[in-house]
Amino acid sequence: MLRRTVTCGQIRESHVGQSVTLNGWVNSYRDHGNLIFIDLRDRYGLTQLVFDKEDAGVAQAGIMDVADKLRSEDVIAVQGLVRVRIGGENPKLETGKVEVVVGKLEVLNKTANPPFQPDDNTALANEELRLTHRYIDLRRPSMQKVLTARHKVYKATRGYFDEHGFTEVETPILYKSTPEGAREFIVPCRNVPGTFYALPQSPQLFKQILMVAGVDRYMQICRCFRDEDPRADRQPEFTQIDLEMSFVRREHIIEMMEGFVRRLWKDMCGYEVPAVRVMGYREAMEDYGIDRPDTRYGLKIKDISGFAARTEFKVFKDALEKGKDRPAFNSKRGVVKMIRVPGGAEKLTRKITDGYSDLVKGFGAGGVAVVKVIKGEDGQPRLDTGIAKFLEPLKAEFMSELESLGGGQVGDTLLFVADAYAIATKSIGELRSKVARDMGLVPKPGAEGGPWNFLWVVDFPMFEKNKETGKWVAMHHPFTSPRDDQMDAFLRADVEDDDTIEAIVSAGYDIVLNGQEIAGGSVRIHDGALQSKVFRLLGLTPESAKEKFSFLLEALSFGAPPHAGIAFGLDRLVMNFVGTDNIRDVIAFPKTQIGADLMTKAPSAVPEKNQSEVHIKSTWVPAEKK
RNA sequence: GGGGGCGUAGCUCAAUUGGUUAGAGUACCGGACUGUCGAUCCGGUGGUUGCGGGUUCGAGUCCCGUCGCCCUCGCCA
């Protein structure tokens, strides 16, 4: 086999006169009979090859006949002379000033007619086909760029944490089932009939144990598994950059991770990340209606419950009756919230705002009330349409409410949602994001030069109520510590004491980028008694806590250091760097929405013999046999 | 589990209210051509309209079911 001396992206004018050998795939051919052009492709680029009948005398015998049969995706090796292009430069190619006149051609492998062309310039084949023939799709230059970008993220990550004294430790994939949280993939055990491993949702407990083991600074680029339905940005198996540090508090993690983020963005796109703002969960929920606010645009939310109570609008008054004896910010206490949309009066048509009501109904709210600010006969702003008649009597007061949102200007649309705190907040938060898209306020992600907007969100609640079971669940995970100043309330709280439990603040933290959570973590509990208390509030009996987590409670009793950690979603980081909103684009061999691999046809049936070997029997009956 | 979208030639798409033999570009096959770079020109092969059923004189088109893919709600400690 002729082995390459240069790559297809490498040849320049400095190579002119040299004999070179190239290996690659035929990207395209232009056959003029006695003159044939081939664009040869490898992952580094394209080089134009020329087969010329007049030169064929000095080339291998019959070369034109072989070259004539070359087709896209054939694999070949060529040897030839680099020269300046006779037909003029092709400015589209890096190698566009030169060409290789081929003297020797070796066809390494003819291709079958490919189901689609791995070409970024023509219409992309549908994703199903691309996933089935992933090896062809990955040949596309843009997919090669993704693989390379992902590799660079691994490299920068390991580089940074190595420099800061972290040790990469592998943790088990075959793991103990701990069925809190996400549904697990389970693996039957052959040696102990009737038992199962689970695949880890994350290495959470192992990394904490490593802290007890004195590893002090741990990191791992690790695969995590969650058997939940995928989304555009979620896969059943995904990759985390997992970290844990001993003898630190929140501020130390924040400092170390900002350093990492700064390093990563610098290496990946030369961007200097400025100091990252820290925002409290309460502020995020109040101003943005979500715990991961997109701060690339304004449209802040305002609570106007006090004002709304003085109007005669029944919807407001009814909402404010809800949970009126509960403390402020309690999930069940009624509130009225408002967004001011500058310029919305023109763009947000009746049809669109009707759609907003449908949107919030999906989150349990009754609808969206709308008011437009128009120019009155006296030239002053006047409230119009919708519920304007309820606000007009209190207009002066209402206009002063608007002051903190920039004042009511002619052309504004004002949107209102009234309901219990949890529902109203979530609804208007989702509404804000929808309005921003409708108003064209969301910049394209970093790839197009839009801003990278980083944010720490801290001071999350420890617990939230599961709507179905009515039980308390950990908002982050059950190993998250209460914030230091919350210890009294935490120790005092009883399972029945809903309002107290809801108000406890944890020592958790998230990094949010452009409205997307890219990392989350917490200071951990390193005291067995505190950990047992969390289990108790979560409704675990001491017996079941011991059965599931005895190894953790035991480890905490043997000199566990204070520790804290965080994990980044690596796939989402790469998505940002390559500018895609499809997670499958950044995973070499991704799965579909039912967790299938279209290329290998996984999952698949296994013979009953293999099932009985691991002591299982499928209960599934095909439909036609029912 | 719920809601929505899509499925027509190898690929990307078209096909009027349900109406003749389902078209185009590209790929592929054959031919011509010495400066192309989305080569060009001439000719050709290629279809169970995802699958099954129904309505109708007649279904790519309407209805029911089913499969696959995508988006989304639930779910994702």
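Order of the sequence lines fixes the chain letters, A, B, ..., with proteins taken first and strands second; residue numbering starts at 1 for each chain. What's counted below: heavy atoms across the whole structure, side chains too, no hydrogens, waters or symmetry copies.
Side-chain N/O atoms of A:Glu99 and base N/O atoms of B:rG35 include a donor-acceptor pair closer than 3.5 Å. A:Arg71 contributes no side-chain N or O that forms a donor-acceptor pair with the base of B:rC28 under 3.5 Å. Put simply, the side chain of A:Arg183 and the base of B:rG1 share no donor and acceptor less than 3.5 Å apart. A donor-acceptor contact under 3.5 Å links the side chain of A:Arg234 to the base of B:rC75.
Stacking here means ring centres nearer than 5.5 Å and ring planes tilted less than 30 degrees, and by that measure A:His32 does not stack onto B:rG35.
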Original post:
Do A:Glu94 and A:Arg12 pass the side-chain contact (heavy atoms from CB on, under 4.5 Å) test, and can you show the C-alpha distance, the side-chain angles, and the key distance before you say yes or no?
Top reply: CA-CA 8 Å; A:Glu94 304 253 336; A:Arg12 296 290 183 278; 3.2 Å; yes
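Taking atom C1' in both B:rG7 and B:rU49, the straight-line distance is 9 Å, to the nearest Å. Comparing the C1' positions of B:rA15 and B:rG23 gives a spacing of 7 Å, expressed to the nearest Å. A gap of 28 Å separates the P atoms of B:rC64 and B:rU21, to the nearest Å. Comparing the C1' positions of B:rU45 and B:rA27 gives an interatomic distance of 12 Å, to the nearest angstrom. Spacing between B:rG58 and B:rG68 at atom C1', rounded to whole Å, works out to 30 Å. The gap from the C1' atom of B:rC41 to that of B:rC33 amounts to 9 Å, rounded to the nearest Å. Nucleotides B:rU20 and B:rU66 have their C1' atoms positioned 33 Å apart, rounded to a whole Å. A distance of about 25 Å separates the C1' atoms of B:rU26 and B:rC70, rounded to the whole Å.
RNA chain B is contacted by A:Asn113, A:Pro115, A:Ala123, A:Leu124, A:Ala125, A:Asn126, A:Glu127, A:Glu128, A:Leu129 of residues 108-131 of chain A, taking any non-hydrogen atom closer than 4.0 Å.
The shortest distance between side-chain heavy atoms of A:Asp39 and A:Phe37 does not fall below 4.5 Å. Between A:Val98 and A:Glu13 there is a side-chain heavy-atom pair separated by less than 4.5 Å. Looking at A:Leu131 and A:Asp137, their side chains never come closer than 4.5 Å, going by heavy atoms from C-beta outward.
The side-chain contact (heavy atoms from CB on, under 4.5 Å) test with A:Leu49 is passed by exactly one of A:Ile76, A:Leu105, A:Leu70: A:Ile76.
Within the structure, a side-chain polar atom (N or O) of A:Gln593 is placed less than 4.0 Å from OP1 or OP2 of B:rC71. Contact annotation: A:Tyr29 reaches the phosphate of B:rC28 (side-chain N/O to OP1 or OP2, under 4.0 Å). The side chain of A:Lys92 places an N or O atom within less than 4.0 Å of a non-bridging phosphate oxygen (OP1 or OP2) of B:rG38. Close to B:rC75, at under 4.0 Å from its OP1 or OP2, lies no side-chain N or O of A:Arg231.
The residues A:Glu228 and A:Arg183 are annotated as salt-bridged, a charged nitrogen and a carboxylate oxygen being separated by less than 4.0 angstrom.
Per the geometry, CZ belonging to A:Arg437 stands 15 Å off P belonging to B:rC71, to the nearest Å. A:Asn27 has its CG atom 15 Å from the C1' atom of B:rA39, to the nearest Å. Here B:rG35 presents its P atom at 13 Å from CZ of A:Arg83, a figure rounded to the nearest Å.
Relative to the side chain of A:Arg584, the nucleotides B:rA39, B:rC75, B:rC70 differ in distance, and B:rC70 lies closest. Counting only heavy atoms from C-beta on, A:Arg30 has its side chain closest to B:rA39 among B:rA39, B:rG35, B:rC69. Of the candidate nucleotides B:rG1, B:rU34, B:rC69, B:rC69 has the atom lying nearest to any side-chain atom of A:Thr592.
Residue-level contact check: A:Leu598 touches the backbone only, with heavy atoms under 4.0 Å from sugar-phosphate atoms and none from bases. Within 4.0 Å (heavy atoms only), A:Gly88 reaches at least one base atom of the nucleic acid. A:Leu93 comes within 4.0 angstrom of nothing in the nucleic acid, heavy atoms only. Residue-level contact check: A:Ser202 touches the bases, meaning some heavy atom is under 4.0 Å from a base atom.
Figure legend: A:Arg71 and A:Tyr29 shown as a cation-pi pair, the cationic atom lying under 6.0 angstrom from the six-membered ring centre and within 45 degrees of its axis.
Of the two residues contacting RNA chain B, namely A:Gly96 and A:Gln201, the nearest-nucleotide position lying further toward the 5' end is that of A:Gly96. Both A:Glu228 and A:Lys591 lie close to RNA chain B; mapped to their nearest nucleotides by heavy-atom distance, the more 5′-ward contact belongs to A:Lys591.
Distance alone, capped at 3.5 Å, is enough to place a donor-acceptor pair between the A:Asp597 side chain and the A:Met599 backbone.
By the 30° and 60° cut-offs, the orientation of the rings of A:Phe463 relative to A:Phe490 is parallel.
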